[in-house]
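First comes the structure, then the notes that go with it.
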Amino acid sequence: MSTNLTKPTGLDDEQQYQAAISKDARFDGVFFIAVSSTGIYCRPSCPAITPKREHMGYYRTAAAAQEAGYRACKRCRPDASPGSPEWNIRADVVGRAMRLIADGVVDRDGVSGLADRLGYEQRQVRRLITAELGAGPLAIARAQRAQTARVLTETTTLPLSEIAFAAGFTSIRQFNATILEVFAVTPTQLREARARAARGGRRVGSRGKAEPPGRARLRRGSAAGLRGVPGGSSPLGITVRLPYRAPIDTGRMLGFLAARAIPGVESVADGRYRRTLLLPNGTGILSVGDGEPGYIDCELQLEDLRDLTAAVQRCRRLLDLDADPSAVTAALAASGPVLGPLALAHPGRRVPGHVDGSELALRAVLGQQVSVAAARRLGARLVAAYGKPLERPEGTLTHCFPAAETLAAADPGTLPMPRSRALALTGLAGALASGDLSLDPGADRDRASAQLLALPGIGPWTVGYIRMRALSDPDAFLPGDVGVVEALARLGAVPPVRSQAVRAAAELAESWRPWRSYAVQHLWAYLEESQS
């Protein structure tokens with residue numbers, strides 16, 4: 001076999017084969033290995049004996065391997081691999097589509113909804129995705145749906161009929177057929193295997209090493225506690241392990257989020273970041289912190305279990321878990337003496353994203369021309385006045401951040417900020433509420449940037465910050481940022497005159513493409529450390 005069926009960016013057949021024989025976990029999720037002699041597909045790091053090269057083929061997505069008739073390996077769980085970093089890097093239609101599919105758009109709105117958000121005809125969207133990935137949007141969404149169903153089947157006591165609809169399947173028959181086709185076992189057999197493991201002393205769903213990648217465990221609640229399924233009314237708590245490519249600097253990530261945490265919406269304590277979520281079908285609460293090596297521990301409380309896929313993907317974007325730190329570090333280390341030493345000293349640096357692009361944009365406007373602490377205070381007042389109260393507050397988490405529709409209808413004169421900024425905030429909220437401006441995962445970054453710049457009171461710094469965090473752009477840069485300029489000045493890389501320093505910073509940053517967002521994080525962290 002040994003064919004490169006759908007070639008991942010930058011990798012040829014030989015490179016993929018070398019990754020497979022070396023069991024290189026950095027490529028898990030970047031491509032998948034199909035074995036013609038066994039009919040299974042694996043992640044590159046699968047611990048099983050490497051098959052003969054003539055029996056190996058390579059696929060860009062798990063969905064493409066499934067479409068070709070392969071089933072998921074029961075040992076390495078390839079369907080639970082980290083996401084490919086390629087989809088955050090790419091700004092084309094396929095990259096945007098993959099980010100939207102991951103967020104559950106196809107499950108909620110179908111391929112027509114995906115096409116509408118991308119601004120293309122359905123037929124063209126199908127053609128573009130299938131031609132490049134070997135599977136269409138429905139197949140990719142189906143693979144994701146199967147993984148969600150597997151997590152719920154193995155780790156909760158919910159009836160299988162309720163799991164089917166919570167995972168996004170339109171019928172129980174479709175659910176049963178898909179699980180059998182993808183995993184070569186029925187849903188009932190999945191659950192029975194879990195029960196046998198538990199009886200044998202293996203704590204399935206625990207934090208122990210016996211827990212398979214991507215597993216979740218039921219933390220509280222019951223089948224009667226779900227909206228979207230019969231008889232639901234109470235939140236359901238689930239803990240999910242989120243895989244990532246090592247290394248990761250969670251200490252710096254939590255510190256960054258803690259400095260910007262708005263009371264009532266967010267908190268950071270005891271090594272965990274907690275916040276409220278406004279999801280497509282209801283509200284939720286997330287809590288994330290370090291898990292065992294290679295995983296982030298993510299606890300979710302959801303009003304509606306249909307939001308599980310979206311909540312997990314938003315946690316991944318928040319913590320930049322699909323990044324390839326080795327590629328980022330290698331590129332920045334080779335860029336020269338200014339950033340190279342910082343990148344080599346902190347190879348796990350990530351770019352904190354966000355769970356809601358609209359919220360991040362509104363908060364960016366709050367933070368214009370004020371300190372981080374002042375922006376937090378403004379945010380807290382805004383939340384108290386306009387935020388959506390949780391039906392069941394938990395500790396200090398009491399509200400969701402105000403929706404764009406709510407702020408768009410607010411009187412600028414009553415907002416706790418200067419009138420010019422209040423007008424900028426309500427103008428941005430109006431554009432978001434009307435749908436004229438989209439900052440969802442599949443947004444066209446260049447188009448969104450141009451629309452933001454056209455709004456009153458929004459300048460280049462704010463646009464760059466939104467691109468970096470709300471749109472997960474790995475190549476956003478903030479040449480006029482005070483922290484960036486000061487850090488570069490301390491490193492002796494720019495002249496002392498600010499106007500000259502800004503120009504010099506922008507020129508220097510050209511050598512950091514396509515990872516300028518990571519460069520900004522390194523510079524901010526360097527400045528914080530030098531001031532402490």
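Keep in mind it's a predicted model, so treat the numbers as computed, not measured. Computed over heavy atoms, backbone and side chain alike; hydrogens, waters and symmetry mates excluded.
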Is a side-chain donor-acceptor pair under 3.5 Å present for Y58 with D12?
no
Are the charged groups of R245 and D324 less than 4.0 angstrom apart, N to O?
no
Minimum heavy-atom distance G379-I262, with the two atoms named
C-CG2, 3.6 Å
Any side-chain heavy-atom pair of L415 and R381 under 4.5 Å
no
Let's go through L133 and M98 carefully: what are the C-alpha distance in whole Å and the side-chain angles of both, what is the deciding distance for side chain to side chain contact (heavy atoms under 4.5 Å, CB included) to 0.1 Å, and is it a yes or a no?
CA-CA 10 Å; L133 303 180; M98 290 297 286; 3.5 Å; yes
So, for Q147 and A80, which heavy atoms are closest and what is the spacing to 0.1 Å?
NE2-CB, 3.7 Å
Judged by modelled atom types alone, do S335 and S511 share a side-chain donor-acceptor pair under 3.5 Å?
no
Between the side chains of S22 and D24, is a donor N or O closer than 3.5 angstrom to an acceptor N or O?
no
What is the minimum heavy-atom distance between G367 and A375, and which atoms define it?
CA-CB, 3.8 Å
Sub-4.5 Å side-chain heavy-atom contact between R350 and R252:
no
Expected output: side-chain T130 to main-chain R127 donor-acceptor under 3.5 Å
no
Could you go through L397 and V265, starting from their C-alpha distance and side-chain angles, then the distance that decides it, and tell me whether this counts as side chain to side chain contact (heavy atoms under 4.5 Å, CB included)?
CA-CA 5 Å; L397 302 182; V265 174; 5.9 Å; no
Taking atom types as modelled, is there a side-chain donor on D481 or W524 under 3.5 Å from an acceptor on the other?
yes
Taken to the nearest 0.5 Å, the spacing of D473 CG from Y465 OH works out to 14.5 Å
Are V494 and V502 packed together at the side-chain level, in the sense that at least one heavy-atom pair is separated by less than 4.5 angstrom?
no
Under the 3.5 angstrom rule, does the side chain of S530 hit a backbone N or O of Y526 as a donor-acceptor pair?
yes
Assess the side chains of Q369 and R421: does a donor N or O sit below 3.5 Å from an acceptor N or O?
no
Do side-chain atoms of T406 reach the backbone of Y386 as a donor and acceptor pair under 3.5 angstrom?
no
Count the heavy atoms belonging to other residues, nucleotides or ligands that lie under 6.0 Å from CZ of R447, then report whether that count exceeds 12.
no
For residues L257 and M253, determine if any side-chain heavy atom of one lies less than 4.5 Å from a side-chain heavy atom of the other.
yes
What verdict does the side chain to side chain contact (heavy atoms under 4.5 Å, CB included) test give for T61 and F31, after you've listed the backbone C-alpha separation in whole Å, the side-chain angles of each residue and the deciding distance to 0.1 Å?
CA-CA 6 Å; T61 64; F31 69 92; over 6 Å; no
To the nearest 0.5 Å, atom CZ of R314 lies from atom CG of L279 at 5.5 Å
Would you check, one step at a time, whether the test salt bridge (Lys or Arg N to Asp or Glu O under 4.0 Å) holds for R274 with E299?
CA-CA 9 Å; R274 301 170 65 244; E299 298 176 357; over 6 Å; no
Checking D79, I33, D28, V30 against R43 for side-chain contact (heavy atoms from CB on, under 4.5 Å), the one that qualifies is D28
Beyond-backbone contact of D297 with V288, side-chain heavy atoms, under 4.5 angstrom:
no
Minimum heavy-atom separation for Q122 to S112, with atom names?
NE2-CB, 3.3 Å
Closest non-hydrogen atom pair, W461 against A364:
CZ3-O, 4.3 Å
Is there a donor-acceptor pair under 3.5 Å between the side chain of D307 and the backbone N or O of A310?
no
Counting C-beta onward and ignoring hydrogens, is there a side-chain heavy-atom pair between D109 and L114 closer than 4.5 Å?
no
State whether the side chain of T462 and the backbone N or O of I458 hold a donor-acceptor pair below 3.5 Å, judged by distance alone.
no
Within the distance-only criterion (no hydrogens, no angle test), does the side chain of S472 pair as donor or acceptor with the backbone N or O of M468 below 3.5 angstrom?
no
Could you walk me through whether D475 and Y518 pass the side chain to side chain donor-acceptor pair (under 3.5 Å) check?
CA-CA 8 Å; D475 197 36; Y518 294 86; over 6 Å; no
Do the numbers put R260 on top of the ring of F256, so that NZ or CZ is under 6.0 Å from the six-membered ring centre and no more than 45° off the axis?
yes
Evaluate the criterion side chain to side chain contact (heavy atoms under 4.5 Å, CB included) for residue pair L339 and L342; output intermediate values, then yes/no.
CA-CA 5 Å; L339 209 64; L342 299 181; 3.9 Å; yes
Please answer whether the main-chain N or O of T283 pairs with a side-chain N or O of E303 as donor and acceptor at a distance below 3.5 Å.
yes
Does a side-chain heavy-atom distance below 4.5 Å link L527 with V484?
no
Should we count CD of E529 as having more than 12 external heavy atoms under 6.0 Å?
yes
Answer yes when R467 and D446 have at least one side-chain N-carboxylate O distance shorter than 4.0 Å, and no when they do not.
yes
What heavy-atom pair brings A519 and W512 nearest, and what distance separates the two atoms?
CB-CE3, 3.5 Å
CG (L360) and CG (L318) are apart, to the nearest 0.5 Å, by 10.0 Å
Once rounded to the nearest 0.5 Å, what's the spacing between atom OG of S267 and atom OH of Y273?
8.5 Å
To the closest 0.5 Å, what do you measure between CD1 (I466) and OG (S358)?
9.5 Å
Are any of the side-chain heavy atoms of C400 and E359 separated by less than 4.5 Å?
no
So does L100 get a backbone contact from the side chain of R117, meaning a donor-acceptor N/O pair under 3.5 Å?
no
Between D103 and R317, is the closest basic N to carboxylate O distance under 4.0 Å?
yes
Salt-bridge contact D92-R90 (side-chain N to carboxylate O under 4.0 Å)
yes
N/O donor-acceptor pair under 3.5 Å between D249 side chain and G348 backbone
no
Tell me if a side-chain donor or acceptor on R275 pairs with a main-chain N or O of E266 at a distance below 3.5 Å.
no
Once rounded to the nearest 0.5 Å, what's the spacing between atom CG of L382 and atom NE2 of H399?
11.5 Å
